[in-house]
There are 2 protein chains.
Amino acid sequence: MNVTPQRVAVYRALLQAEDHPSPEELYRRVRRRMPSLSLATIYKALDALTRLGVAREVSVISERKRYDANLDRHHHLVCTRCKKIVDFYDDGLDAIAPPRRLSAFVAHSVSVQVMGLCGRCAQDTPRSRQKGRRACN
Amino acid sequence: MNVTPQRVAVYRALLQAEDHPSPEELYRRVRRRMPSLSLATIYKALDALTRLGVAREVSVISERKRYDANLDRHHHLVCTRCKKIVDFYDDGLDAIAPPRRLSAFVAHSVSVQVMGLCGRCAQDTPRSRQKGRRACN
DNA sequence: CTACATGCAAATCGTTTGCACTCCA
DNA sequence: TGGAGTGCAAACGATTTGCATGTAG
């Protein structure tokens, strides 16, 4: 893994940012100082920084929309490998009240996601860290 | 809002599903009994069901990828209107341990998202429920 | 008759990929 | 000289939209 001006610029912009910017947003910002930079490079740099472990994606459940007709209060186990989502119920977690010192923020709901590997995926790849999705169920 | 065979079929499939299906997945399932159904109708029906309040999107922070260079343990306030994401720290939440009776699931991290409206959006629309994104900061 | 819902195809948007080119080790 | 990184453009996949048609009130 190599240190390049582009990666440094992206990382700097990310460090300075307070707002969890999207790749496009970072592009807009970094390009001011480095007009030659391309959007594809932003994506590649973010991937590099993430693999390096100095940045991460804000927990996104999955790349697709997912729907639920279960309106009960519940939480989700999300397998980061095969993207399976399993409900789980937990009174303790339900009891979480949004902290009150949220200034002006009006909370509507609290959702807890436990990220990890489902049984099958955990067994399947004891140590390997493959990229991409896997068929599971 | 109107009850149609298509909407009923989509809702039924969603009720029976245990796995938080994506629109495409629902399409595959519903089409078995209603081959004329189109994918676009699935999307429209899901939108209708969501507006009706009988279904919901599994909490997706935003439609875009969002990155963070802050690796400290922290949680997120997500404004569902303007998509702003604000960090917050809370020792109580940090103390959440993934329940152990998760069968084979291997938990790596727990993330808490408080969904709601940021101050500006809450003020802006006292009662209206507009669709779409808003510029905020 | 009118308003709304459907199905299709085209358009859009974010993200990824292939490739030629450059740069430094 | 070769492997890695960049920039561009094309490809891709999910979602949305426009529009002609159908249908129920």
Side-chain angles (χ1 to χ4, degrees), chain A residues 1-14 19-52 54-67 82-83 85 130-135, chain B residues 1-14 20-52 54-67 83 85 130-135:
Chain A
M1 174 96 46
N2 225 317
V3 177
T4 68
Q6 286 89 341
R7 289 178 177 177
V8 172
V10 171
Y11 184 44
R12 271 189 136 87
L14 197 52
D19 58 347
H20 313 78
S22 63
E24 293 247 22
E25 182 57 36
L26 282 170
Y27 180 49
R28 229 168 293 141
R29 295 180 196 177
V30 178
R31 205 167 33 156
R32 286 203 286 265
R33 317 204 120 253
M34 193 182 275
S36 67
L37 190 95
S38 78
L39 182 54
T41 299
I42 296 269
Y43 277 98
K44 288 165 186 167
L46 286 171
D47 183 55
L49 293 171
T50 302
R51 274 181 293 122
L52 233 189
V54 298
R56 60 181 166 192
E57 256 184 82
V58 175
S59 63
V60 170
I61 268 188
S62 110
E63 63 285 344
R64 301 177 181 173
K65 291 196 169 191
R66 302 282 287 263
Y67 286 87
C82 72
K83 312 300 183 194
I85 302 174
Q130 278 146 278
K131 216 190 155 181
R133 189 191 200 108
R134 216 181 62 92
Chain B
M1 175 93 47
N2 224 317
V3 177
T4 67
Q6 285 88 343
R7 289 178 178 177
V8 172
V10 172
Y11 185 43
R12 273 188 136 88
L14 198 52
H20 314 77
S22 63
E24 293 246 24
E25 182 57 34
L26 281 170
Y27 180 47
R28 228 168 293 140
R29 295 178 197 178
V30 177
R31 204 166 34 154
R32 286 203 285 265
R33 318 204 118 252
M34 192 182 277
S36 67
L37 190 95
S38 78
L39 182 55
T41 298
I42 296 268
Y43 277 98
K44 289 166 185 165
L46 286 171
D47 183 56
L49 293 171
T50 302
R51 274 182 292 123
L52 234 190
V54 299
R56 60 181 167 190
E57 256 183 81
V58 174
S59 65
V60 170
I61 268 190
S62 111
E63 62 286 344
R64 301 176 183 178
K65 294 197 166 188
R66 302 283 287 263
Y67 286 87
K83 313 298 183 195
I85 302 175
Q130 279 146 276
K131 214 191 157 181
R133 189 189 200 109
R134 213 181 64 92

Can you tell me if the side-chain N/O atoms of [X] get under 4.0 Å from OP1 or OP2 in [N]?
| X | N | value |
| --- | --- | --- |
| A:R7 | D:dG5 | yes |
| A:K65 | D:dT16 | yes |
| B:Y43 | D:dT15 | yes |

Quickly work out the [X] [atom1] to [N] [atom2] distance and round it to whole Å.
| X | N | atom1 | atom2 | answer |
| --- | --- | --- | --- | --- |
| A:Y11 | D:dG5 | OH | C1' | 20 Å |
| A:R31 | D:dT6 | CZ | C1' | 15 Å |
| B:Q6 | D:dG22 | CD | P | 15 Å |
| B:L26 | D:dA14 | CG | P | 14 Å |
| B:R66 | C:dG14 | CZ | P | 12 Å |
| A:M1 | C:dC24 | CE | P | 19 Å |
| A:E25 | C:dC13 | CD | P | 17 Å |
| B:I42 | D:dA14 | CD1 | P | 14 Å |

Nearest to side-chain heavy atoms of B:N2, which nucleotide of D:dG5, C:dA5, C:dC8: C:dA5
From D:dA14, C:dA5, C:dC19, nucleotide with atom closest to A:R64 side chain: D:dA14
B:A40 or A:T4, whichever maps to the more 5' nucleotide of DNA chain D: A:T4
Rounded distance (nearest 0.5 Å) linking atom CG of B:L26 with atom CZ of B:R12: 14.5 Å
Atom pair CG (B:L52) and CG (B:D47), whose distance is rounded to the nearest 0.5 Å: 10.5 Å
Touch class at under 4.0 angstrom, heavy-atom based, for A:T41 against every strand present: base
Sugar-phosphate, base or nothing in reach of A:S36, heavy atoms under 4.0 Å: sugar-phosphate
DNA chain C: 5'-proximal contact among B:M34 and A:L39 (nearest heavy atom): B:M34
Contact nearer the 5' end of DNA chain C, comparing B:Y67 with B:P5: B:P5
Short side-chain to backbone donor-acceptor contact, B:R66 and A:D19, under 3.5 Å: yes
Worked check of side chain to side chain contact (heavy atoms under 4.5 Å, CB included) between B:L14 and B:L46: CA-CA 9 Å; B:L14 198 52; B:L46 286 171; 4.2 Å; yes
Side chain to side chain contact (heavy atoms under 4.5 Å, CB included) evaluation trace for A:R31 with A:I42: CA-CA 10 Å; A:R31 205 167 33 156; A:I42 296 269; over 6 Å; no
